[in-house]
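The figures here come from the full heavy-atom set of this structure, side chains too, leaving out hydrogens, waters and symmetry mates. For ligands, and for the atoms within them, numbers begin at 1 and follow the listed sequence.
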Amino acid sequence: MSDDTLNARRPRVFVARRIFPEVVAQLREHFDVSTHDTDEPLSRDELIARLQGCDGVFVAGTEPIDATLLAACPTLRAVCSMAVGYNNIDVPAATARGVVVSNAPGVLTETTADFGFALMMATARRITEAEQYLRAGHWKQWSVDGMAGADIHGSTLGILGMGRIGQAIARRGVHGFGMSLVYHNRSRLPAEDEAALGARYLDLPGLLKAADHLVIVVPYGPTSHHLIGAAELALMKPSATLINVARGGVVDDAALAQALAERRIAGAGLDVFEGEPAVHPGLLEVPNVVLTPHIASASLPTRLAMCQLAASNLRAALTGQAPPTALNPEVLPLR
Ligand code: 8YV
């Protein structure tokens with residue numbers, strides 16, 4: 001094969017998940033694309049096999065892209081994820097190999113915040129518990145405290161993790177529902193942002209004690225593993241609710257199931273779980289928890305926007321431009 005033929009080869013891209021056909025079609029305009037066109041995740045060995053000879057891969061928040069996989073796929077130059085959370089990707093290992101990694105921040109912020117707020121309201125007002133009660137035929141008469149829950153308006157919203165999504169949830173609570181706001185984050189917001197939200201910065205124990213509704217929006221990693229366990233749950237008010245739209249593993253699900261069963265907190269709303277799609281059996285047994293299957297970003301327009309952003313990152317990375325949301329731009333220009 002001559003050098004010219006080699007240079008003319010279109011980059012090869014593997015799409016590791018079923019995504020929207022129009023996004024695959026867009027990718028095909030630029031690349032030789034192969035796909036894993038089902039929702040069943042590939043095993044690591046299958047993924048390695050499919051990635052041989054590929055320049056780029058399109059992933060979601062589920063495919064583990066670690067040092068072993070990267071070493072086994074030496075032609076790979078770009079890993080582009082449609083998720084904002086990237087705990088499934090070993091970014092330092094990618095950087096060490098000159099592989100660019102991108103995630104999908106921004107496009108899902110408001111949709112995820114809508115859902116976090118919905119989960120908080122459903123939990124506080126016991127909506128799924130009440131629906132199950134009705135469907136089971138238990139609704140025979142009105143009762144003065146029947147399915148009575150907690151108020152959202154006027155209560156104290158606690159945000160753990162004040163990034164884009166945390167701030168979007170905070171805006172909904174403060175401006176839409178007159179909530180007071182307390183938060184904890186690695187770094188404090190600028191004073192003007194705190195003032196605009198009337199936000200009070202607290203340490204983690206202070207936040208746990210103060211919040212009526214605690215919403216967890218921190219990224220997952222070694223420092224946030226089981227950040228909320230039995231000791232932290234014990235600091236919360238018995239009337240409080242806990243909402244997790246971040247990642248399973250930030251909360252110790254076994255400890256949470258026990259706290260819910262013993263009514264040490266009033267309720268929880270969970271969109272993410274340790275070891276999902278498995279759910280801790282204790283959580284399935286208690287009535288005071290709202291459970292959803294990791295769908296916080298799942299509005300159709302937003303899921304499409306997430307896919308399109310990942311595709312734009314791939315397109316840029318493999319055509320000599322800077323991917324718009326690269327996590328390790330220091331590896332550019334690519335080999
Ligand atoms: C994704 C998410 O749906 O973006 C994230 O980090 O958690 C979700 O929006 C999921 O990760 C896709 O696998």
Side-chain angles (χ1 to χ4, degrees), residues 14-20 23-24 35-44 47 57-66 69 79-91 94 101-120 159-169 215-225 227 243-251 253 269-279 290-314 323-328:
F14 181 57
V15 179
R17 287 250 143 201
R18 185 177 65 82
I19 61 168
F20 298 101
V23 179
V24 176
T35 58
H36 172 63
D37 218 7
T38 77
D39 295 328
E40 192 66 38
L42 288 169
S43 71
R44 171 212 292 267
L47 188 53
V57 62
F58 181 121
V59 295
T62 36
E63 289 70 34
I65 307 291
D66 56 17
L69 180 139
V79 174
C80 298
S81 174
M82 62 172 283
V84 65
Y86 52 90
N87 52 292
N88 57 318
I89 305 172
D90 186 338
V91 180
V101 178
S102 64
N103 67 338
V107 286
L108 47 55
T109 301
E110 299 300 330
T111 297
T112 303
D114 283 351
F115 190 87
F117 214 86
L119 200 51
M120 179 173 73
I159 305 264
L160 177 54
M162 203 50 136
R164 292 184 192 81
I165 298 170
Q167 290 179 50
I169 293 172
V215 184
I216 300 171
V217 217
V218 283
Y220 179 68
T223 56
S224 62
H225 178 72
L227 189 59
I243 311 303
N244 187 5
V245 287
R247 278 287 179 273
V250 176
V251 176
D253 284 350
L270 306 174
D271 187 48
V272 289
F273 305 89
E274 289 188 274
E276 63 186 51
V279 176
V290 180
L291 305 168
T292 52
H294 202 149
I295 55 167
S297 66
S299 74
L300 269 180
T302 290
R303 283 285 168 85
L304 183 58
M306 292 161 71
C307 287
Q308 277 167 337
L309 179 53
S312 307
N313 276 303
L314 261 178
T325 57
L327 288 162
N328 56 351

Decide side-chain hydrogen bond (donor to acceptor under 3.5 Å, both in side chains) for Thr38 and His36; before the verdict, give the C-alpha distance in whole Å, the side-chain angles of both, and the deciding distance to 0.1 Å.
CA-CA 6 Å; Thr38 77; His36 172 63; 3.3 Å; yes
Applying ring pair (Phe, Tyr, Trp, His ring centres under 6.0 Å) to Phe117 and not counting sequence neighbours gives Phe177
For ligand 1, what are the residues with a heavy-atom contact below 4.0 Å?
Ala60, Gly61, Ala83, Val84, Gly85, Leu108, Arg247, His294, Ser297, Arg303, Met306
Run the salt bridge (charged side-chain N to carboxylate O under 4.0 Å, His left out) test against Arg17 and tell me which residues pass, sequence neighbours left out.
Glu63
Answer with yes or no whether the side chains of Asn103 and Ser81 bring together a donor and an acceptor at under 3.5 Å.
no
For Arg44, give me all partners under salt bridge (charged side-chain N to carboxylate O under 4.0 Å, His left out), at least two apart in sequence or on another chain.
Asp66
I'd like to know if Asp37 pairs up with Arg18 as an ion pair, taking the criterion as any Lys NZ or Arg NE/NH1/NH2 lying under 4.0 Å from an Asp or Glu carboxylate oxygen.
no
